[in-house]
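Reading through the structure tokens given below for one structure.
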Amino acid sequence: MTPARAVSLVAKREFVAKVRTRSFLIGTAVIIAVLAGYVVLQSLLFDDQQRSVVGLSGQATQLAQPLKDKAGSFGIEVETRDVTTMTDAEQQVRDGSLDALVTGAPPALKMIVKGSGDQVLTTALNDVLRQQVLVAQLAEAGITPQQVAQNLANVSVAVTALEPVDPQQGQRLAIGLVVAALLYYSLLVYGTMVAQGVVEEKSSRVVEILLATVRPWQLLLGKVIGLGAVGLLQLLVISTIGLALSSAFDVVDVGALGGTALLTGVLWYLLGFFLYATVFAAAASLVSRQEELQSVLTPISMTIIIAFVAGINLMIGSPSGPTVTVLSLLPPFAPILMPGRMAMGVAPAWQVLLSVVLALAAIAAITWLGGKVYANAVLRTGARVKLREALRL
């Protein structure tokens, strides 16, 4: 049997066995459900922030259309309702049916709110009130508003932006954080799965039968490829459904950002998984029982956790800062930080290329070193094998 055939058989066995498990199916469904709930919640919160219901009483009803137009210029939608009874209207403000109640006549308007009120709505109403007063004074002076508007049409301030703001900055940040979170989950879960599989085969002595047919590096490579394909499948399913939901609820402009983020996530998942999975497998080969596994995996898991937690905080605060930039170039942190920075559009091409080259170099070195540890330790049962001994054999 050729080496390629041996690796493919092991990989196929790992992939089929894991994809058919209930834990994989239920876990994927739960993640999709949580993601769908998050997208729907964001959509509802977004709608709530962009919509206000205002009650108008007495002469204030004539301000309905001007208030809608002015609020629209501020990016919020206003629904107006004519109210007749002040007591009922104030109760509607208390119970949240109305965001505000406007009474009186210009220039003496009164706005009643439950708490502090919406500052944008207050600003819009003040502008409408000033406009109404100005129109009245112009009429007294014999000047029409149309004449004033014509004179002011070409008057504006020339604005020069020293650091133009990306209009999609918020969406880029959201996508970057989601990509980092998915990669963190995939690397940690499927890396641990590789380690558990190694210990299970070692404790049951199945590995001795397998190594009678295939070589250690073929078994290790097949296991990494097979479980990596499972993680990639789950990542693609979750990402595709997440992008579809985001597009359907208008949470993210998927057409401009989603496809690139998905490709970036796939690239760094592959790099990150091959980087960490071999380390997980090599570490797991040092022990013979599942109870001992956590002790050898903790340093590896902590590296991924620190990269995620610290990286997320740094990206939110300063994605282009020197600390996050340097960390995103280093192989242990790059699979989580660099795709997030790429999704946010703050990673120059040279940084991306350098991080990929460093990751590939690290994969080559760790694959050789981890393969040696795995080959020397996987057949040794009983007490935990020391790393120094596994390297010396």
Side-chain angles (χ1 to χ4, degrees), residues 14-51 168 170-197 226-270 272-273 276-277 280 294 297 301 304-313 315-316 335-337 339-340 342-344:
E14 296 289 343
F15 179 83
V16 174
K18 186 56 63 176
V19 168
R20 289 179 176 177
T21 60
R22 294 181 61 184
S23 60
F24 173 79
L25 299 175
I26 294 175
T28 303
V30 169
I31 295 174
I32 292 174
V34 172
L35 183 61
Y38 175 76
V39 171
V40 172
L41 179 61
Q42 289 296 313
S43 177
L44 293 176
L45 291 176
F46 180 79
D47 289 342
D48 289 342
Q49 293 173 350
Q50 300 298 313
R51 184 180 180 86
Q168 296 179 322
Q171 294 186 6
R172 289 183 181 276
L173 176 60
I175 291 178
L177 296 179
V178 170
V179 169
L182 286 176
L183 290 176
Y184 161 76
Y185 167 82
S186 298
L187 294 178
L188 194 59
V189 169
Y190 286 96
T192 303
M193 200 174 293
V194 170
Q196 291 173 342
L227 292 177
V230 176
L232 179 60
L233 174 63
Q234 187 179 61
L235 179 65
L236 290 175
V237 170
I238 294 172
S239 301
T240 302
I241 295 177
L243 291 175
L245 291 172
S246 300
S247 177
F249 286 92
D250 294 326
V251 175
V252 174
D253 184 4
V254 175
L257 304 175
T260 302
L262 181 58
L263 293 177
T264 299
V266 170
L267 169 64
W268 281 104
Y269 168 78
L270 294 174
F273 188 79
Y276 277 104
F280 273 107
Q294 192 58 45
L297 296 189
S301 302
I304 301 177
I305 294 173
I306 291 173
F308 175 71
V309 175
I312 290 298
N313 292 328
M315 283 197 298
I316 293 177
I336 294 177
L337 300 186
M342 291 173 65
M344 295 172 66

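Under the rule for a side chain to side chain donor-acceptor pair (under 3.5 Å), Y269 has no partner lying at least two apart in sequence or in another chain. For the side-chain contact (heavy atoms from CB on, under 4.5 Å) test, residues two or more places apart in sequence or in another chain that qualify with A307 are F333, I336. Under the rule for a side-chain contact (heavy atoms from CB on, under 4.5 Å), the partners of V266 that lie at least two apart in sequence or sit in another chain are L232, L236, L270.
Annotation: side chain to side chain donor-acceptor pair (under 3.5 Å) contacts involving residues 181-194, sequence neighbours excluded, comprise Y190-Q234. Evaluation of the side chain to side chain donor-acceptor pair (under 3.5 Å) test over residues 15-26, restricted to residues two or more places apart or in two chains, returns T21-S23.
Just one of I32, I31, T28, L35 meets the side chain to side chain contact (heavy atoms under 4.5 Å, CB included) condition when paired with I241; it is I32.
Residues I305 and V309 meet the side-chain proximity criterion, which asks for heavy atoms closer than 4.5 Å. Counting only heavy atoms from C-beta outward, the side chains of V194 and Y276 never approach each other to under 4.5 Å. Side-chain contact between M342 and W268 is present, with heavy atoms from C-beta onward closer than 4.5 Å.
Interatomic distance, L227 CG to E14 CD, rounded to the nearest 0.5 Å: 5.0 Å.
Contact between F280 and S301 at its shortest, heavy atoms only, is CE2-OG, 4.1 Å. Pairing each heavy atom of L183 with each of P335, the nearest pair is CD1-O, 3.1 Å.
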